[in-house]
Amino acid sequence: MFWWSIAFCIEHRITKDGGVATPEVEEIFDDILERAKALDPANTRKWFEKLAVLHFDGGLLRIGCPDEATVQFLQDNCKNSFTRSAQQITGHLVTLDFSVDATVRPSSEDRRYQPSLKLHPDYTFDNFVVGPSNRLAHASCIAVSQSPGDTYNPLFIYGSSGLGKTHLLHAVCFEAQRRLNNAVIQFLSCEDFVNRFIRAIEEGNLAGFQSQFRTVDVLIIDDVQFLREREHSQEEFFHTFNALYNNGKQIILSADSPPGKIPSLEERLISRFNWGLVTRIDPPSYETRVAIVQKKAHVRGLNISDEIAGYIARKVQANIRELEGALTSIYAVATTTGQEIDLELAQTAMEGQIEATFKHISITDIAEVVTSHFDVRLTDLQSKKRSQSITEPRQICMYLARNLTRHSLEEIGGYLGGRDHTTVMHACNKINQAKDNDPKMNALLNELTKQITHA
Ligand code: ADP
Ligand code: MG
């Protein structure tokens, strides 16, 4: 793409022409996508090729997406890399806008759904690898998403962290919405349920809260172990459960342990949770892990040989999230060095310096450096306080934990006062942007990183 053609496109307010972007604009957009992939390989997806330019006038680039889940994913994860890429390619300041456009169709699934559900586009049944460790959980999720309220009610899935519970719950939402056009689905983390309950009491709007949860067709609550020791919330949840169950509505729950092992959970809830089907997810076998690595690579548009997938699967055994982390490291090294992904590169990425640096950093180390720099207390970062003097160090802490450790968004949010993953994502995006736009912030982050890594 020559500079004059870019300048031409920008100066002539090129928009969609009869529903189709001009070849020049499409070419620029392809370049922007390529650059964005290089800037942030971990958040690259194969379906980027399905995105379309709706409008491009030099200052504003509107990107059409097939569904809300895609819009949400791009906004949360890719806005920064896309913006930087667009600016580098065009040499202009570009503002991005992602929106659903009816002309952009998803590849295989029609994913109409309530935007409020906040689903992750990767977490579909298509992208879930089935093996002996999760076969029953998967089959029961398929069954309830096909005919909610008719088969297993409630469906209770439990297993350790990182084994795919949340992924399956999102997949149920996608599938149930696809099959049952008008079904009202509520999907939220248990923490969110508890927080909304508390807010409803504070605002004197308990009736509103109750009608919101007691009138749905499917209620899906993730991580119900969060109810432990929360007596009021347990009471409220008990009544919600009864109302739905008595009306034949589907209830799906997940937790890190079976109902009877959740500490301080009321007996009447334990017995209700056991009424339907309780199913466990175990750590995946070697073969399943290989298939998961291959699936994850495929979703990102990466080719990975059986040898490398096998190597990763042998190295990482317990947590599937870490399999993804390994893939991300390998991809990142391949992109920065421009090398082909081979066994040697995989070994370097997983055992080399990057891993060695990351391995010994804990979130506590990060919190220590951040609290001492800003002269705040850890309890403040973990509290509900929202003053600027606390919010900024908290967000910086989240950003650094995300970049220097392998903790998930959920784990980071949990450590910093039980915040949910979208809060952490928002913080990371905000600090990332500040880093790009404010040299002082950039210097501060470099300094803190140095102290944390003892570099
Ligand atoms: P949990 O909720 O049990 O802690 P998640 O659902 O968040 O775990 O899964 C962690 C990561 O592992 C997600 O990226 C998810 O897509 C992936 N994952 C887990 N199980 C599978 C599977 N069987 N196939 C594909 N990906 C999986
Ligand atoms: Mg989960």
Side-chain angles (χ1 to χ4, degrees), residues 42-47 69 73 76-77 117-142 155-175 187-193 220-227 252-258 262 279-300 302 304 309 312-313 316-329 331 402 406-415 418-422 424-425:
N43 285 313
T44 293
R45 292 295 179 273
K46 193 165 179 347
W47 49 255
F73 178 89
D76 290 342
N77 303 290
L117 283 177
K118 297 219 172 84
L119 301 180
H120 193 302
D122 287 354
Y123 293 177
T124 59
F125 283 128
D126 274 357
N127 289 341
F128 191 83
V129 174
V130 184
S133 56
N134 57 30
R135 194 178 305 283
L136 186 57
H138 173 260
S140 44
C141 281
I142 297 257
L155 172 61
F156 190 102
I157 301 171
Y158 73 93
S160 308
S161 172
L163 296 185
K165 301 182 294 295
T166 300
H167 184 139
L168 277 177
L169 299 186
H170 283 236
V172 169
C173 290
F174 279 125
E175 185 63 14
F187 166 54
L188 71 174
S189 68
C190 187
E191 182 183 354
D192 208 0
F193 179 86
I220 306 179
I221 306 228
D222 202 3
D223 291 323
V224 289
Q225 72 274 5
F226 197 79
L227 281 177
I252 309 174
L253 308 167
S254 84
D256 62 0
S257 39
I262 298 176
T279 169
R280 188 177 72 206
I281 304 189
D282 288 314
S285 65
Y286 169 74
E287 290 78 5
T288 308
R289 295 201 301 280
V290 173
I292 291 174
V293 172
Q294 276 159 339
K295 177 66 88 178
K296 293 284 173 198
H298 175 77
V299 169
R300 294 175 187 196
L302 255 181
I304 196 149
I312 299 177
V316 181
Q317 309 217 337
N319 185 325
I320 297 168
R321 228 172 254 132
E322 285 172 19
L323 285 178
E324 278 191 281
L327 192 65
T328 303
S329 301
Y331 199 3
R402 187 67 181 149
R406 294 264 177 263
H407 288 300
S408 67
L409 295 169
E410 283 85 350
E411 286 164 336
I412 297 167
Y415 178 76
R419 292 177 156 79
D420 79 354
H421 73 283
T422 50
V424 181
M425 225 182 248

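Residue indices begin at 1 and follow the sequence shown. Counting convention: from 1, in listed order, for ligands and their atoms alike.
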**Ile292 and ligand 1 - part of the residue with a heavy-atom distance under 4.0 Å** = side chain
**Close-contact set for ligand 1 against Ser160 heavy atoms, below 4.0 Å** = 3 (O)
**Prompt:** Which bit of Asn127 gets closer than 4.0 Å to ligand 1, counting heavy atoms only: side chain, backbone, both or neither?
**Reply:** backbone
**Asked** Hey, what's the ring geometry for His167 with Phe128, parallel, tilted or perpendicular (30° and 60° as the breaks)?
**Response** perpendicular
**Residue part near ligand 1, for Ser254, under 4.0 Å between non-hydrogen atoms** = neither
**Message:** Out of Ser133, Gly164, Ala171, who is nearest to atom 9 (O) of ligand 1 when you count heavy atoms only?
**Reply:** Gly164
**Asked** Under a 4.5 Å cut-off applied to non-hydrogen side-chain atoms, are Ile281 and Lys165 in contact?
**Response** yes
**Prompt:** Which residue supplies the protein heavy atom nearest to atom 24 (N) of ligand 1, what is that atom called, and how far is it?
**Reply:** Val129 N, 2.9 Å
**Request:** Kindly indicate, with the supporting measurements, whether the criterion side-chain contact (heavy atoms from CB on, under 4.5 Å) is fulfilled by Ser133 and Leu163.
**Result:** CA-CA 9 Å; Ser133 56; Leu163 296 185; over 6 Å; no
**Message:** Give me the residue, atom name and distance of the protein heavy atom closest to atom 2 (O) of ligand 1.
**Reply:** Thr166 OG1, 2.7 Å
**Item:** Any side-chain heavy-atom pair of Ile304 and Leu327 under 4.5 Å
**Value:** yes
**Flag side-chain contact, heavy atom, 4.5 Å: Leu227 against Ile262** = no
**Message:** Side chains of Cys173 and Tyr123, heavy atoms from C-beta outward: is any pair under 4.5 Å?
**Reply:** no
**Pairs where residues 319-328 contributes a residue and the test side-chain hydrogen bond (donor to acceptor under 3.5 Å, both in side chains) is met, not counting sequence neighbours** = Ser161-Arg321, Arg300-Thr328
**Complete:** Taking only non-hydrogen atoms of Asn134 and a 4.0 Å limit, the atoms of ligand 1 in range are 23 (N)
**Asked** Does the side chain of Asn134 reach to within under 4.5 Å of the side chain of Pro284, using non-hydrogen atoms?
**Response** no
**Prompt:** Nearest protein heavy-atom contact for atom 14 (O) of ligand 1: which residue, which atom, what distance?
**Reply:** Glu324 OE1, 2.5 Å
**Prompt:** Relative to the heavy atoms of Ser161, which atoms of ligand 1 are at a distance of less than 4.0 Å?
**Reply:** 4 (O)
**Request:** To the nearest 0.5 Å, tell me how far Asp126 CG sits from His298 NE2.
**Result:** 9.0 Å
**Fill in**
Ranked by distance from atom 18 (N) of ligand 1, the top protein heavy atom is Ile320 CG2, 3.3 Å
**Prompt:** Can Gly162 be said to touch ligand 1, with heavy atoms closer than 4.0 Å?
**Reply:** yes
**Closest protein heavy atom (residue, atom, distance) for atom 21 (C) of ligand 1** = Phe128 CE1, 3.7 Å
**Prompt:** Does the side chain of Leu188 come within less than 4.5 Å of Ile221's, by heavy atoms?
**Reply:** yes
**Request:** May I ask you to test the Lys118-Thr422 pair for a side-chain heavy-atom distance under 4.5 Å?
**Result:** yes
**Asked** Are any non-hydrogen side-chain atoms of Phe125 and Val172 less than 4.5 angstrom apart?
**Response** yes
**Prompt:** Which atoms of ligand 1 are found less than 4.0 Å from any heavy atom of Lys296?
**Reply:** 14 (O), 15 (C), 16 (O), 17 (C), 26 (N)
**Request:** Kindly give the heavy-atom pair with the smallest separation between His170 and Leu119, and that separation in Å.
**Result:** ND1-CA, 3.5 Å
**Complete:** Closest to atom 7 (O) of ligand 1 (heavy atoms only, candidates Glu322, Arg321, Gln294) is Arg321
**Message:** Going by the closest heavy atom to atom 16 (O) of ligand 1, which one wins out of Lys295, His170, Lys165, His167?
**Reply:** His167
**Request:** May I ask you to list the protein N, O or S atoms found at less than 2.8 Å from the Mg ion (ligand 2)?
**Result:** Thr166 OG1
**Request:** Decide yes or no on side chain to side chain donor-acceptor pair (under 3.5 Å) for Ser189 and Asp223, but give the supporting numbers first.
**Result:** CA-CA 6 Å; Ser189 68; Asp223 291 323; over 6 Å; no
